[in-house]
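One structure is given here, and the rest of the page talks about it.
In each ligand, atom 1 is the first atom listed, and ligand 1 is the first ligand listed. Just so you know, these numbers use all the heavy atoms, side chains as well, and skip hydrogens, waters and symmetry mates.
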Amino acid sequence: MQNLLHEIEQFCLRNDISETRFGELALNDKPFVSQLKAGRDLRGSTAAKLRKFMADFEANAVTNPAGSGRFPAGALAFPHRDLLGIAQLERHEILYVLDQAEPWVELNRQPDKHAGLLSGLTIINAFFENSTRTLLSFEIAGKRLGADVVNMHAAQSSVKKGETLIDTAITLNAMRADAIVIRHGSSGAVDLIASKVDCPVLNAGDGQHEHPTQALLDALALRHALRQRGERSEDFTGLNVTICGDILHSRVARSNILCLQALGASVRVCAPPALMPAGVEAMGAEPFHDFDAALEGSDVVMMLRLQTERMQGQFIPSAREYHHLYGLTKTRLDCAAPDALVMHPGPMNRGVEIDSEVADLLDRSIITRQVEMGVAVRMACLDVLTRRRRGVEGWGGAA
Ligand code: MLT
């Protein structure tokens, strides 16, 4: 309730409208906000309706021709056809997607989780690499928005019969998908497919390159956890985040370094020398090989899995030694800032990079919240990227 009131106040400030006018526009109920402040009860469905109203208002250049002030109007708020990586996004575009995800967080907590926004649209999830949570999350996101969602698994596809990636792309295109979500084991493969198809393409992880929706959902989970503690809401200025694990092979690390820094956080990366990419400093991250030193003063600790499927050769002496030096134990977590939050994109290898007693810490671990936010962020991405195709006013001329 406090969060919603805060969001309404910020919304009114950004858009220069009074709280009375807000009540009138959103619910045809002028005294609504003052009554809310006085303790009026609020149903979950009304909260979801209000958040949706705010998101739509700011997305719609017609009801809000000058833009929200915080974000440019209409398609200028997110002038990309595809979501290929965080590297292509401006800070305000990242914040825009996070804000667009907020109403979906609320909707997903209701018994009826359906919105018909993408009704009639076809979304193809083309996964050339194994995935459980990302595939499921995109599938649920598309279905909750009312789209027809089709999953293509590489193991059952013509790729196994020798079809080239370009031919697969041309085939998917001919089926007139309205959005294609792609996961591929090769860095750059998603960009290649995007250049061959006519519809929006969303990168669900390409090799060691990027995993943009993971970074966005991590940012949303962090935003919610910090807000819940009453600490911050808008961005991560002043926050120290340590990402520890197999940085070399991790697309999650790369997208998160870019995203967290864009939102104002300082990022440390920690890995054994063999798993630290050369030139990570050029991305603005501070490298560490000593985990205890990296943890000192860290407000957030993001643990990563050893990506053995991408390793050619021996990168670590043994899982046991790795855990000894780089595993997040309860004792080691005490080196971080008091109340430091723990994150992990999953899948977790308990007892290797993270101990169960840390992963399951109710007040510190936000790992399941990350999964929850994944659906909302992917709903926001599918909504925003299909607005042009759906003819949403203000989005017609987007690139
Ligand atoms: C990924 O796809 O990169 C995952 O979300 C993280 C992992 O596999 O470790």
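A 4.5 Å side-chain heavy-atom check between Leu202 and Phe138 finds at least one atom pair inside the cut-off. Using a 4.5 Å cut-off on side-chain heavy atoms (C-beta onward), Thr164 and Asp167 make contact.
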What side-chain donor-acceptor pairs closer than 3.5 Å can you find for residues 189-201, not counting sequence neighbours?
unit_1 : atom_1 : unit_2 : atom_2 : d
Ser195 : OG     : Leu192 : O      : 2.6
Asp198 : OD2    : Asn173 : ND2    : 3.1

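Ion pair Arg390/Asp383 flagged as a salt bridge, since at least one NZ, NE, NH1 or NH2 atom sits closer than 4.0 Å to an Asp/Glu carboxylate oxygen.
Ligand 1 places these atoms under 4.0 Å from at least one heavy atom of Arg305: 7 (C), 8 (O), 9 (O). Ligand-side atoms of ligand 1 in range of Gly346: 4 (C), 5 (O), 6 (C), 7 (C), 9 (O), range being under 4.0 angstrom from any heavy atom. Listed by number with element, the atoms of ligand 1 under 4.0 Å from a non-hydrogen atom of His211 are 1 (C), 2 (O), 3 (O), 5 (O). Within the listing of ligand 1, atoms 3 (O), 6 (C) sit less than 4.0 angstrom from a heavy atom of Val252.
Sorted by first and then second residue, the pairs that involve residues 310-329 and meet ring-ring contact (aromatic ring centres under 6.0 Å, His included), not counting sequence neighbours, are His249-Phe315, Tyr322-Tyr326.
The distance criterion of under 3.5 Å between nitrogen or oxygen atoms is not met by Arg310 with respect to ligand 1. By the 3.5 Å distance cut-off applied to N or O atoms, Gln307 is counted among the residues near ligand 1.
Contact between Thr134 and ligand 1 is absent, with no heavy atom of the residue lying under 4.0 Å from the ligand. Contact annotation: Arg183 has at least one heavy atom less than 4.0 Å from an atom of ligand 1.
No more than 12 heavy atoms of other residues, nucleotides or ligands lie within 6.0 Å of CD in Glu296, so this atom counts as exposed by the packing criterion.
Closest protein heavy atom to atom 3 (O) of ligand 1: Arg251 NE, 2.9 Å.
Among Asn108, Ile366, Val105, the single residue meeting the side chain to side chain contact (heavy atoms under 4.5 Å, CB included) criterion with Met373 is Val105.
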